[in-house]
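What follows is a single structure, written as structure tokens, with notes after it.
So that the names make sense, note that chain A is the first sequence line, chain B the second, and so on, each numbered from 1.
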Amino acid sequence: MINKVVKNAKEALEGVENGMTFMLGGFGLCGIPENSISELVSLGITDLTCISNNAGVDDFGLGLLLQKRQIKKMISSYVGENDEFERQMLSGELEVDLIPQGTLAERCRATGAGIPAFFTPAGYGTEVAEGKETREFNGKMYVLEHAFDAQFAFVKAWKGDTAGNLIFKGTARNFNPMMAMAGKTTVVEVEELVEVGELDPNQIHTPGIFIQRIFQGKDYEKRIEQRTVTPKS
Amino acid sequence: MINKVVKNAKEALEGVENGMTFMLGGFGLCGIPENSISELVSLGITDLTCISNNAGVDDFGLGLLLQKRQIKKMISSYVGENDEFERQMLSGELEVDLIPQGTLAERCRATGAGIPAFFTPAGYGTEVAEGKETREFNGKMYVLEHAFDAQFAFVKAWKGDTAGNLIFKGTARNFNPMMAMAGKTTVVEVEELVEVGELDPNQIHTPGIFIQRIFQGKDYEKRIEQRTVTPKS
Amino acid sequence: MALSKQQIAQRIAQELQDKWYVNLGIGIPTLVANYIPQGIDVEFQSENGLLGMGPFPVEGTEDADLINAGKQTVTILKGGSLFDSAMSFAMIRGQHVQLTVLGAMEVAANGDIANWKIPGRMVKGMGGAMDLVASAENIIVAMMHTNKKGESKLLKQCSLPLTGVGCVKKVVTNLAVLEIKEGAFHLLERAPGVSVEEIQNATEGNLIVDGEIPEMKL
Amino acid sequence: MALSKQQIAQRIAQELQDKWYVNLGIGIPTLVANYIPQGIDVEFQSENGLLGMGPFPVEGTEDADLINAGKQTVTILKGGSLFDSAMSFAMIRGQHVQLTVLGAMEVAANGDIANWKIPGRMVKGMGGAMDLVASAENIIVAMMHTNKKGESKLLKQCSLPLTGVGCVKKVVTNLAVLEIKEGAFHLLERAPGVSVEEIQNATEGNLIVDGEIPEMKL
């Protein structure tokens, strides 16, 4: 079996450079590649384009890269849970491309699946469709959307084996599987790295073929953005 | 939880009519909806258009419907493992639309996912692309392919719960998950019907939202087309 | 008297039908889950990858890996399922979700909706709203009838950048239930004690009042 | 002497590179799996939804729910995975499979391939072949150099309906290994004991013979 294991985040991120385009999994702070983000901060590379559904909070997730002004452009569906983001955006330091969430997800999948473009109804008649081809199918209007091009995808999984097969947990799955398919180099960090044969082949969410590097992550904080609970009765 | 259970194949197939378009899961004879096919034979409805990767063998799978001349048109990627099919096709009784297998799979997914059309490289420059829009993306040529429109999808799963959540087994998964998404009415037969809560929500292949009717199948033959083995040592 | 947010949610819950899959937006829509009528089964979809969403977890059992689209910790009911974002929007775009309830800044008499962007202000993004409104067969907007300045949010034409065109079929506000068809708001019900005149005054878009308008039953 | 089918497979196996995912077509290509060079790891993909395909099962352990694209019962290796057809062709179309080996009726000097249809005869369909040839970065055709009538299968131009255009880069036949570039077949290796003249005579398309042509090492 093809072995994808690298020692740590440092080794996993070999080859990242200023000006590259990255995909980063996660929805809010749920399922984000914490170790890879930390390593990107350490490396200090700049002028990055980040494709990620959200942009983290001030002191966590992609907010850490924003603080150090490493990001030139964000491609997201929902941002601005953090003040530094807002400041940079309003001052024009940061470019922001806002995309409907389903279009973002499907464009990631298309990238990995060799589909260069597809039609979606989302955004028709809005500024999202400006300058894009539109077409009617069965009486309904659709917008043509394109695949992305990302040098690296950073993905967080729950369990992964040495061949790169992945299982995600709960809603931490979100964008991770499509981004795993889409990176020219896909780097995965896992909570638990296991030997081949330990995962049921029938229950793998992302087959190892999409993965170039996998490593055992550490020190997961898994911060909760909105802790909503019902009191113990 | 929304309950999708019906008593049997007869109840599950209520509403099928002459001239309808059906999707049927399976690759070869692997993962085909045996019970639904039997019931279609019993019902004797005709002029059917069947979207299915293959067309069964003479005395099993869709071959049973062909024998009784219930099928007007097959939409498949590979057919002709049976003589009756060949006879009907050569005599012009049966229309056959041959589609690249990946395009067939993606068109099924697109149908269920609300994508009316997408570009794929498969078939560019061949007779498959005749009359279709083609376009260049990044120096490579692609063909525009469209979603299907199917009144019923007949799907076979390994396990399913009363809410319609499905788990497939081995390579019997094949086209079943996409067709499950694509039918206006999706009918699922399972080897094992369980209560909600018995399947791990993190391990479900097809969420119940796509399913309208589910029933406990019976008498599975699961015929093997090419029994290839290595001798016991 | 005008409805409270809870009551708006309560009224919208009456629109739920048996066996419907429903996506609830952030804010008032979320509250709809508290008022499911007896005897019907509905299932809630959260676009970040969850079907069969349950109530908030009991204190101490919350899981960072199980949140809703509002990033709140939630639970999953028996028979629920988890999936990725592409699958989630396949459900939405493919019209497998029967009802979307969401908030709005403006709704127009032609069914247009604006709820994601105010020019000149910080723009947070549309999230899944554009996919939802472009896809759902049934869209109910839950909102106050007027904005904080007292201006109508039910307009001849939206002034803000659109989220979707011609898609809203029903609006439930603190004052009324209205159906949108043929380019007009059709008044269906009044909030208890609220007069047709009050509703008329708070509605900028063309309002059709056909016959006696009943009070909502809550 | 011309190669046997086994030997064609053996020669193709030398093209495998470490960490490659490989899709093997029906017939000669399937045999390639028997000759993986020592010291390299490759994984076989079967387009019906299987990665990490292993050898045929031991008699008595065959499973109707575990077959390859040729409908043969197979096994799955440790570290393998199972998935649906859309995912399978996402791998193929997205160029995650590094090598496709398949048979052909005709190959042209411009890289065109025909392997699915003979007009006037029963047409069985292209299966996954069109997706594979339109997508793979490396395509090796495994076939006899001539057909049963002794006519060349390496042509100036395909006469049969095409499976894909300009996609074949390498051909391994019973007589030779050839690279396709700049509109010609470039002779790389001869089968043991087969002369350049024999290959020239069996090749209708433009054949470039550049310098001394070595014999294959098997």
Report the option among D:Pro161, D:Ser135, D:Ala114, D:Ser85 that has the most heavy-atom pairs separated by less than 4.5 Å from atoms of chain B.
D:Ser85
Which one, D:Ala69, D:Gly164, D:Ala90, D:Pro55, leads in non-hydrogen pairs under 4.5 Å with chain B?
D:Ala69
Can you tell me if [X] has over 12 outside heavy atoms packed within less than 6.0 Å of its [atom1]?
X	atom1	answer
B:Lys132	NZ	yes
D:Lys78	NZ	no
D:Asp18	CG	yes
D:Lys19	NZ	yes
B:Glu136	CD	yes

Donor-acceptor pairs under 3.5 Å, side chain of residues 125-134 of chain D to any protein atom, not counting sequence neighbours: which ones?
unit_1: D:Asp131; atom_1: OD1; unit_2: B:Gly102; atom_2: N; d: 3.3
unit_1: D:Asp131; atom_1: OD1; unit_2: B:Thr103; atom_2: N; d: 3.3
unit_1: D:Asp131; atom_1: OD2; unit_2: B:Gln101; atom_2: N; d: 3.2
unit_1: D:Asp131; atom_1: OD2; unit_2: B:Gly102; atom_2: N; d: 2.9

Point-to-point distance, once rounded to the nearest 0.5 Å, from [atom1] of [X] to [atom2] of [Y]:
X	Y	atom1	atom2	result
D:Lys124	B:Phe85	NZ	CZ	10.5 Å
B:Glu225	D:Gln72	CD	CD	11.0 Å
B:Gln226	D:Lys71	CD	NZ	8.5 Å
B:Asn53	D:Asn48	CG	CG	9.0 Å
B:Phe27	D:Ser88	CZ	OG	9.0 Å

What part of B:Leu104 is in contact with chain D, defined as an atom under 4.5 angstrom from a non-hydrogen atom: side chain, backbone, both or neither?
neither
Considering only heavy atoms, which portion of B:Glu191 lies under 4.5 Å from any heavy atom of chain D: side chain, backbone, both, or neither?
side chain
For chain D, which of B:His205, B:Met141, B:Lys140 has the most heavy-atom pairs under 4.5 Å?
B:Lys140
Heavy atoms only, distances under 4.5 angstrom: which of B:Pro121, B:Gly31, B:Ala105, B:Cys108 has the most pairs with chain D? Name it, please.
B:Pro121
If I measure from the heavy atoms of chain B, does [X] come under 4.5 Å with its side chain, its backbone, both, or neither?
X	answer
D:Asn68	backbone
D:Ile92	neither
D:Ser46	neither

What are the two closest heavy atoms between [X] and [Y], and how far apart are they?
X	Y	answer
D:Glu59	B:Pro231	OE1-CA, 3.8 Å
D:Trp116	B:Leu98	CZ3-CD1, 4.0 Å
B:Cys30	D:Ile67	CB-CD1, 3.5 Å
D:Met122	B:Val79	CE-CG2, 4.5 Å
B:Thr230	D:Phe56	OG1-O, 3.5 Å

Considering the options B:Arg223, B:Lys156, B:Lys169, which one meets the salt bridge (Lys or Arg N to Asp or Glu O under 4.0 Å) requirement together with D:Asp65?
B:Lys169
For chain D, which residues from residues 171-185 of chain B have at least one heavy atom closer than 4.5 Å to it?
B:Thr171, B:Ala172, B:Arg173, B:Asn174, B:Phe175, B:Pro177, B:Met178
Starting from the C-alpha separation in whole Å, work towards a yes-or-no answer on salt bridge (Lys or Arg N to Asp or Glu O under 4.0 Å) for D:Asp84 and B:Arg109.
CA-CA 11 Å; D:Asp84 65 40; B:Arg109 179 187 179 272; over 6 Å; no
Counting distance only, does the side-chain N/O of D:Thr73 pair as donor-acceptor with the main-chain N or O of B:Thr228 below 3.5 Å?
yes
